[in-house]
Amino acid sequence: MNAHLPKPEVLQNLERQFWQYQSLAEPVFSNKPSMDDEVAFVWRHKLAVERAAEFKRIQRNRQRDEQEQRLRLFFDRAYAAELDRHLEQPQWLQRDLGIQITQLELLEELLDDDGDIRRLSRLIEADIWLSKALIRHINSNRFDFRRVNDVQDVQLAINYLGYERLRNLLPGLIFEHWSWSPNQSQGIHQRKLWRWCRLMKTRSAHWLKLEELDPQTARVYSCVFALGAILVHRQATTLYQSMRQSWLSQARLESGSEVYEGVRFLRMPCQPIAGHLQQHLKVAEAFLQGIGYQGRFLALMQGLQTPWFNSDAEARALSRAFGEVVYLTLGSRVIKQVEGLEVITAYYQIPEARVTAAVRS
């Protein structure tokens, strides 16, 4: 078998549908009636004295729709260009998302079964946000092992939890920190991203075990695997809000309300986001290199971009888990059927009974 055999075009198209679903952040509206349909309706149901006024109204609406379409196309082009520029600036992404090298080093530490609790403590204490998040979590009602008296000291919290509980808890806290945004418009993106990460965690545990690796590391690997998608989602949403607000401010200065109304209904373009999501591994690799990170996750990102059967054990497990996630998402939420998805199971060598049973459940 050729180790550099590319993915079949059919598989690339299916994965493209998966990323388009992930990027979709706007409701799907029904098609508007055509001009001929509206005119025919007016001609059949209106009196002769009303037709002229109705035809003028239809013409005004059509002109407004055409102007909105021109504004949308112009906005989409400007947005796509700005998104390209922002994703090429790792320092902007690091500033906006608060991703630190120490957090990546901490995740590396969690991959070790015999990890050093003292080094882990130093990494947690060095990150102010993570220290506060850890204390907030163990004092919350959702924590099963909550103490009667609240914990306020980070070191006490670490000692109370122990290494194994920290190992299970920290990847989720870091993922929430990376992916969470106060921006309300991110909601649907964020929910899809969290669902995808949960699926990656459960599916990758199976393949890691098959590769004779610790399945408990699935929490860490699913968090790191989602890094590129997090970067794209967060930056795309932040940029959309900024550009839309700027355009609204300028539209208020224009005479008449047509331009303002057209800008007010602009929605976030999905196509450029889907394109970057499809290249999420390259986005993550460029980001890690840009912030000066040289740890093992950089090599993992590079390994994930080679054919899965020619990769290291960790990359093989994650690639096959991702194949399952694509299958399950398309089969349950996009295509609503499993026919035609067998190319995914064939390429990644996944037992079809495993994924079809999950789609039906």
Side-chain angles (χ1 to χ4, degrees), residues 90-112 115-187 189-202 204 216-235 237-238 284 287-288 291 293 295 297:
Q91 66 274 17
W92 291 358
L93 298 175
Q94 186 179 27
R95 179 198 62 195
D96 294 342
L97 276 68
I99 298 176
Q100 304 297 327
I101 292 180
T102 54
Q103 295 165 359
L104 294 161
E105 292 174 343
L106 188 149
L107 290 173
E108 285 186 37
E109 189 73 23
L110 296 175
L111 295 176
D112 189 356
D116 186 349
I117 190 68
R118 290 171 297 181
R119 173 170 164 74
L120 194 61
S121 300
R122 289 194 297 269
L123 290 170
I124 295 173
E125 291 175 332
D127 192 309
I128 297 176
W129 180 91
L130 189 58
S131 299
K132 292 180 178 179
L134 181 62
I135 291 176
R136 185 167 58 249
H137 182 84
I138 67 174
N139 289 334
S140 68
N141 291 327
R142 63 173 177 164
F143 184 56
D144 294 336
F145 303 97
R146 182 184 179 187
R147 288 165 53 104
V148 176
N149 298 320
D150 287 350
V151 177
Q152 301 300 332
D153 181 70
V154 179
Q155 190 59 54
L156 178 60
I158 294 171
N159 293 336
Y160 171 66
L161 290 170
Y163 182 78
E164 286 303 320
R165 287 181 186 169
L166 282 171
R167 194 184 189 198
N168 292 332
L169 179 60
L170 289 174
L173 292 180
I174 291 175
F175 176 80
E176 288 182 10
H177 172 51
W178 289 356
S179 62
W180 183 83
S181 171
N183 196 328
Q184 294 294 329
S185 65
Q186 172 132 357
H189 278 158
Q190 192 164 272
R191 289 194 296 273
K192 288 180 178 179
L193 187 61
W194 287 356
R195 178 181 180 274
W196 170 37
C197 194
R198 286 196 300 270
L199 278 175
M200 277 295 299
K201 181 183 67 176
T202 57
S204 59
Q216 294 299 319
T217 59
R219 299 173 186 271
V220 174
Y221 283 126
S222 60
C223 177
V224 175
F225 187 85
L227 175 59
I230 290 171
L231 295 171
V232 174
H233 276 312
R234 289 284 304 275
Q235 195 62 35
T237 310
T238 302
F287 172 77
L288 294 176
I291 64 174
Y293 172 77
F297 294 136

(request) Evaluate the criterion side chain to side chain contact (heavy atoms under 4.5 Å, CB included) for residue pair Asp150 and Gln152; output intermediate values, then yes/no. (result) CA-CA 6 Å; Asp150 287 350; Gln152 301 300 332; 3.7 Å; yes
Approximate separation, where rounding is to 0.5 Å, of [X] [atom1] and [Y] [atom2]:
X	Y	atom1	atom2	value
Ser121	Leu106	OG	CG	9.5 Å
Arg165	Tyr160	CZ	OH	5.5 Å
Tyr163	Asp116	OH	CG	9.0 Å
Gln216	Asn168	CD	CG	5.5 Å
Gln100	Trp129	CD	CH2	12.0 Å

Counting only N and O atoms by type, is there a donor-acceptor contact under 3.5 Å from the side chain of [X] to the main-chain atoms of [Y]?
X	Y	result
Thr237	Arg234	no
His137	Leu169	no
Asn139	Val151	yes
Arg167	Leu110	yes
Thr238	Gln235	no

(request) Please work out whether the ring planes of Phe225 and Trp196 are parallel, tilted or perpendicular, with thresholds of 30° and 60°. (result) perpendicular
If we only count heavy atoms from C-beta on, is the [X] to [Y] side-chain gap below 4.5 Å?
X	Y	result
Leu166	Ile117	yes
Ile135	Asp153	no
Leu288	Leu227	yes
Phe287	Gln94	yes
Trp180	Ile230	no
Leu170	Leu107	no
Leu130	Leu123	no
Leu120	Arg122	no

(message) Ignoring hydrogens and geometry beyond distance, is a side-chain donor-acceptor pair present between Gln103 and Asp127 at under 3.5 Å?
(response) yes
(message) Could you check whether Asn159 and Gln155, counting side-chain N and O atoms only, form a donor-acceptor pair closer than 3.5 Å?
(response) yes
(request) Please report the shortest heavy-atom distance between Ser222 and Met200, naming the atom on each side. (result) CB-CB, 3.9 Å
(message) Give me the atom names and distance for the closest heavy-atom approach of Pro171 to Cys223.
(response) O-SG, 3.9 Å
(request) Take Leu231 and Ile99 through the test side chain to side chain contact (heavy atoms under 4.5 Å, CB included) and record every step on the way to the result. (result) CA-CA 10 Å; Leu231 295 171; Ile99 298 176; 4.1 Å; yes
(message) For a side chain to side chain contact (heavy atoms under 4.5 Å, CB included) check, start with the C-alpha distance between Trp178 and Leu193, then their side-chain angles and the critical distance, and finish with the verdict.
(response) CA-CA 11 Å; Trp178 289 356; Leu193 187 61; over 6 Å; no
(message) For the CZ atom on Arg118, are there more than 12 heavy atoms of other groups (residues, nucleotides or ligands in this structure) within a distance under 6.0 Å?
(response) no
(request) Please list all pairs passing the salt bridge (Lys or Arg N to Asp or Glu O under 4.0 Å) test where one or both residues lie in residues 102-112, with sequence neighbours left out. (result) Glu109-Arg119
